[in-house]
Amino acid sequence: MTTTQPASAQPVPAAPRASGPGRTDREFTVKARSQREQILRRFLRNKVGMTGLVIFVLLLLFALVGPLVYRVDYSQQDVNAQSVPPGAQGYPLGSDEIGRDLLAGLMQGVQRSLLIVLLFVVIALPVGLLVGALSGYFGRWVDSVLMRIVDLILTVPLLVVLLVVASNFPSARTPLGVGILLGLFGWMDLGRIVRGQFLSLREKEYVEAAHALGASDSRVVFKHLIPNALGSVIVWTTLAAAAAIILEASLTYLGFGVNGAGQTSLGRLVSDGAQAANTRPWLFYFPGITLLIIVLSINMIGDGIRDAFDPSSRRVRA
């Protein structure tokens with residue numbers, strides 16, 4: 001006698017088979033990425049930012065490794081090779097009116113300009129971060145005093161301030177001196193940015209929880225507020241670095257920047273070449289294009305970092 005299976009009964013699924021000899025079934029898990037990993041992943045997949053980074057690295061190699069390969073001293077003058085056009089007499093980019101090799105000058109100019117940017121960031125970043133943090137975190141009279149000082153300085157254009165200071169201190173017209181001047185007077189925008197970030201972040205629940213657990217003000221600032229404002233700080237750093245190169249070139253063009261025998265920078269090369277742009281155009285266009293490429297690459301890196309830190313950006317998947 002045969003029995004029939006009820007219609008409501010469901011067939012028991014067979015045990016999964018191994019996909020191959022010696023293979024066993026695995027459970028697939030998704031590993032959660034930290035915020036730092038997501039930011040790095042977004043930046044590495046950002047074509048604009050990575051292009052700018054590659055260009056900037058190539059410029060670093062040109063300035064730092066290039067002199068080791070192209071062993072020509074820019075200060076060396078050749079009276080028999082004055083104003084030589086590019087490609088003639090062994091000068092790849094030509095020579096200036098006193099017989100100095102322009103390619104060697106570009107390498108040295110990029111070095112000095114990057115030194116100026118480094119000094120600017122090293123000085124302006126901690127000062128602006130400190131002033132903005134104190135103003136935004138403590139508020140009240142601290143905020144009023146610090147922001148009034150910033151507003152007072154910002155009433156005068158930065159270029160005018162730098163011109164006045166540089167005119168009164170002629171000995172500061174070196175790459176070291178110009179970098180320090182830019183750093184001492186270029187932190188105000190960062191201070192206001194950090195202040196705005198802190199005014200918002202100090203009202204967050206995790207800050208109140210840290211205070212309730214007995215955390216000190218310094219611990220709250222360095223452990224909770226600064227890391228959460230780091231994105232805006234990094235973006236400002238990249239964009240301000242590009243602006244510092246332009247400011248240095250502007251100061252030098254006006255006669256108050258890098259000056260003196262044996263001193264050079266991209267701004268100095270552009271300033272000297274501008275006077276001979278009609279008769280010896282290579283002295284102006286090669287430094288000018290190099291300056292443009294540096295500024296453009298730094299701005300591209302800044303755009304990539306800004307997109308990486310923006311969680312609402314969907315142009316690049318994390």
Side-chain angles (χ1 to χ4, degrees), residues 35-36 39-40 43 49 52-53 56-57 59-60 110-138 142-143 145-147 149-154 157-159 161-162 165 172 174-202 217-251 265 294-295 297-310:
Q35 183 179 8
R36 182 181 303 177
I39 292 172
L40 179 60
F43 178 76
L53 181 61
F56 187 75
V57 170
L59 288 170
L60 283 178
V110 175
Q111 288 181 6
R112 301 298 187 271
S113 295
L114 293 178
L115 173 63
I116 291 173
V117 170
L118 179 62
L119 290 171
F120 164 74
V121 172
V122 168
I123 296 174
L125 183 59
V127 174
L129 190 59
L130 177 62
V131 172
L134 293 175
S135 179
Y137 182 73
F138 292 104
V142 178
D143 183 27
V145 172
L146 293 178
M147 286 300 104
I149 295 175
V150 171
D151 292 339
L152 179 63
I153 299 176
L154 289 176
L158 179 58
L159 182 60
V161 175
L162 295 174
V165 175
T174 63
L176 179 63
V178 172
I180 293 175
L181 285 179
L182 291 175
L184 291 176
F185 295 96
W187 55 266
M188 278 76 71
D189 289 335
L190 176 61
R192 301 184 74 171
I193 292 173
V194 174
R195 171 186 177 268
Q197 290 284 322
F198 272 47
L199 287 175
S200 175
L201 293 173
R202 71 178 185 178
D217 291 332
S218 61
R219 181 176 178 82
V220 171
V221 170
F222 288 102
K223 289 290 185 179
H224 298 286
L225 298 184
I226 290 182
N228 284 279
L230 196 59
S232 300
V233 173
I234 294 177
V235 172
W236 174 88
T237 302
T238 56
L239 299 180
I245 295 179
I246 297 177
L247 275 174
E248 182 272 326
S250 302
L251 281 174
S265 67
I294 290 182
V295 174
S297 64
I298 296 177
N299 282 327
M300 291 170 69
I301 294 173
D303 290 341
I305 294 176
R306 181 183 58 198
D307 293 340
F309 273 94
D310 184 7

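The figures that follow rest on heavy atoms only: side chains count, while hydrogens, waters and symmetry mates do not. On a predicted model such as this, the values are computed, not experimentally measured, just so you know.
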Test your reading of the model: is there a side-chain donor-acceptor pair from Ser297 to the backbone of Ile294, 3.5 Å cut-off?
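Answer holds: yes.
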Atom [atom1] of [X] and atom [atom2] of [Y]: how far apart are they, to the nearest 0.5 Å?
X      : Y      : atom1 : atom2 : value
Phe185 : Leu159 : CZ    : CG    : 13.0 Å
Leu53  : Ile301 : CG    : CD1   : 5.0 Å
Leu184 : Phe120 : CG    : CZ    : 10.5 Å
Leu119 : Leu114 : CG    : CG    : 11.0 Å
Leu115 : Arg112 : CG    : CZ    : 7.5 Å
Leu182 : Glu248 : CG    : CD    : 8.0 Å

Min side-chain heavy-atom separation Asp189-Leu154 under 4.5 Å:
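Counting from C-beta outward, Asp189 and Leu154 do come under 4.5 Å.
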Which heavy atom in Ser113 sits nearest to a heavy atom in Ser265, and how many Å separate them?
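So the two residues come closest at OG-CB, 4.0 Å.
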Check Val110 against Leu59 and note the closest heavy-atom contact, atom names and distance.
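Minimum heavy-atom contact is CG1-O, 4.2 Å.
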Would you be so kind as to tabulate the donor-acceptor pairs closer than 3.5 Å made by side chains of residues 232-247, with sequence neighbours excluded?
unit_1 : atom_1 : unit_2 : atom_2 : d
Ser232 : OG     : Gln197 : NE2    : 3.3
Thr237 : OG1    : Val233 : O      : 2.8
Thr238 : OG1    : Val235 : O      : 2.8

In this structure, which one of Val150, Leu125, Val194 forms a side-chain contact (heavy atoms from CB on, under 4.5 Å) with Trp187?
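Of the listed options, the one satisfying the test is Val150.
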Criterion side-chain contact (heavy atoms from CB on, under 4.5 Å) against Leu146, the qualifying member of Asp151, Leu134, Leu130
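Exactly one pass, corresponding to Leu134.
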